[in-house]
**Student:** 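To start, I am sharing the structure in question, which I have written as structure tokens.
Just so it is clear, the structure is predicted and the values come from calculations on it, not from any experiment.
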Amino acid sequence: RVGYIPQTGWAQTKVGNVYAAAQLTSSVPATATNPYFSLVGTGPFGTAGIVSYGTGYDFSLSTNDLGETQVSPNNWLVNQTHTPIHYFERFNHTLRNTTKTAITSGFDSLTKPACAANPCVFTIEGNMITAPSNPWVIAANEQIILLVNGNVTISSNIAITSGGFFSLLVNGNITVDPTVTTLHGMYIASTDTTTGTFSSGAGAVQLSVLGSVIADEFSLLRDLGAVNDTTPGELFELDPQLLFTMPDALKEAPYVWQEVAP
């Protein structure tokens, strides 16, 4: 008897650095259109990212190797660990002196809040769901930051017009509905007591993220079926524009303390 198990879904990144505190696995098939985990960007961002792992990695379907040559065209692979950071608490503190607007209703089907004066920082206490079939489009003159003390389900695409900014900072989990295909912006799921998970949802269409994603744990569930042989179920691409459109209130100034001779 001969059995055939088709390739299951896998993830791919582009330009940005990738870090996993423990195991980092994405079984990239040799038949993929670009058979690497981290792809090279275009224009001034024409490099792949640095891929870092804590305990282990595997980028190959082969039983003979772990895919060291499939990390990226540059083979930038590093074994290192960092001190865990509770990002929700950190950014909440960073924004402590910023005017905030509390959203107190419509959590179960939230549409994009109106932004009149940048940056627009909104807070939500409790779980939140974006309105299904109602895409969020962040305008070029909008800077929207959402601080959610609870879990978030994203049920609609979120896109940023060039020049705009969007960030979703969650003290809990971020779950993406299986029908969602596009997410632009900065997404963070981080808690200090449990695990903040970013889940792509068990869909059959590709999820494309342009921006940056941080989570205590990733659950990447997209399975494209026969298309898995060539195409990743999730594609994460760094958007360098966020560095320029990010509100100053969200930035942190680095300090260096050094003792000098009197």
**Student:** Which residue in the set N79, V71, L77 passes side chain to side chain contact (heavy atoms under 4.5 Å, CB included) when paired with Y57?
**Tutor:**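 By the side chain to side chain contact (heavy atoms under 4.5 Å, CB included) criterion, Y57 pairs with just one of N79, V71, L77: L77.
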**Student:** As an exercise, state the distance from OG1 of T191 to OH of Y87, rounded to the nearest 0.5 Å.
**Tutor:**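 Nearest 0.5 Å value for the OG1-OH distance: 13.5 Å.
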**Student:** In the structure I gave you, are the side-chain heavy atoms of K14 and L238 within less than 4.5 Å of one another anywhere?
**Tutor:**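 They are not in contact (no side-chain heavy atoms under 4.5 Å apart), so the answer is no.
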**Student:** Measure from the side-chain N and O atoms of T31 to the backbone N and O of D229, and report whether any donor-acceptor pair falls under 3.5 Å.
**Tutor:**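 Indeed, once roles are kept as given, a pair shorter than 3.5 Å links the two residues.
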**Student:** Could you check whether N118 and N141, counting side-chain N and O atoms only, form a donor-acceptor pair closer than 3.5 Å?
**Tutor:**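 Looking only at side-chain atoms, N118 and N141 do not form any donor-acceptor pair under 3.5 Å.
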**Student:** Can you measure from CG (L224) to CH2 (W10) and round to the nearest 0.5 angstrom?
**Tutor:**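 Here the interatomic distance stands at 9.0 Å.
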**Student:** Is the closest side-chain heavy-atom distance between I145 and F122 below 4.5 Å?
**Tutor:**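 Not touching, per the 4.5 Å side-chain cut-off.
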**Student:** If you measure only the distance, is there a donor-acceptor pair under 3.5 Å linking the side chains of T195 and E217?
**Tutor:**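 No, no side-chain donor-acceptor pair sits under 3.5 Å.
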**Student:** Consider only side-chain N and O atoms of T175 and N173, and report whether a donor and an acceptor are under 3.5 Å apart.
**Tutor:**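 There is no such pair between these side chains.
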**Student:** How would you list all residue pairs meeting disulfide (SG to SG under 2.5 Å) that involve residues 99-209, not counting sequence neighbours?
**Tutor:**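 As it turns out, the disulfide (SG to SG under 2.5 Å) pairs with a partner in residues 99-209, which skip direct neighbours, are C115-C120.
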**Student:** Report the distance from atom NZ of K112 to atom CD1 of I144, rounding to the nearest 0.5 Å.
**Tutor:**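 Atom-to-atom, K112:NZ and I144:CD1 are 5.0 Å apart.
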**Student:** Tell me if a side-chain donor or acceptor on N134 pairs with a main-chain N or O of A131 at a distance below 3.5 Å.
**Tutor:**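 Judged by distance alone, no pair lies under 3.5 Å.
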**Student:** Is there side-chain contact between Y187 and I158, with heavy atoms separated by less than 4.5 Å?
**Tutor:**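 Result yes, sub-4.5 Å side-chain heavy-atom pair found.
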**Student:** Can you tell me how far OG1 of T245 sits from CE of M186, rounded to the nearest 0.5 angstrom?
**Tutor:**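 Between M186 CE and T245 OG1, I get 10.0 Å after rounding to 0.5 Å.
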**Student:** Hey, what's the ring geometry for F198 with F218, parallel, tilted or perpendicular (30° and 60° as the breaks)?
**Tutor:**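 Ring orientation, 0 to 90° scale: tilted.
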**Student:** Not counting sequence neighbours, list each pair that qualifies as a side chain to side chain donor-acceptor pair (under 3.5 Å) and has a residue in residues 202-213.
**Tutor:**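 Residue pairs with at least one partner in residues 202-213: there are none.
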**Student:** Have Y53 and Q80 got a donor and an acceptor in their side chains that come within less than 3.5 Å?
**Tutor:**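 No, no side-chain donor-acceptor pair sits under 3.5 Å.
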**Student:** Nearest 0.5 angstrom please: L242 CG to I160 CD1, how far?
**Tutor:**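 One gets 5.5 Å once the value is rounded to the nearest 0.5 Å.
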**Student:** Calculate, to the nearest 0.5 Å, the distance between atoms CD1 and OG belonging to I154 and S199 respectively.
**Tutor:**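 Here the interatomic distance stands at 10.5 Å.
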**Student:** Test L168 against every option in I174, V213, I188 by the side chain to side chain contact (heavy atoms under 4.5 Å, CB included) rule and name the one that passes.
**Tutor:**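 Filter result, single survivor: I174.
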**Student:** Starting from the C-alpha separation in whole Å, work towards a yes-or-no answer on ring pair (Phe, Tyr, Trp, His ring centres under 6.0 Å) for F166 and H184.
**Tutor:** CA-CA 8 Å; F166 175 74; H184 293 175; over 10 Å; no
**Student:** With ILVMFWY side chains joined below 4.5 Å, transitively, what does L39's cluster contain besides itself?
**Tutor:**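 L39 clusters with Y36.
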**Student:** With the side chain counted from C-beta on, respond yes when M128 and I103 share a heavy-atom pair under 4.5 Å apart, and no when they do not.
**Tutor:**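 When only atoms from C-beta onward are counted, I103 and M128 do not touch, as no gap falls below 4.5 Å.
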**Student:** Are the side chains of L207 and T181 in contact, using a 4.5 Å heavy-atom criterion?
**Tutor:**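 Answer no - side chains too far apart.
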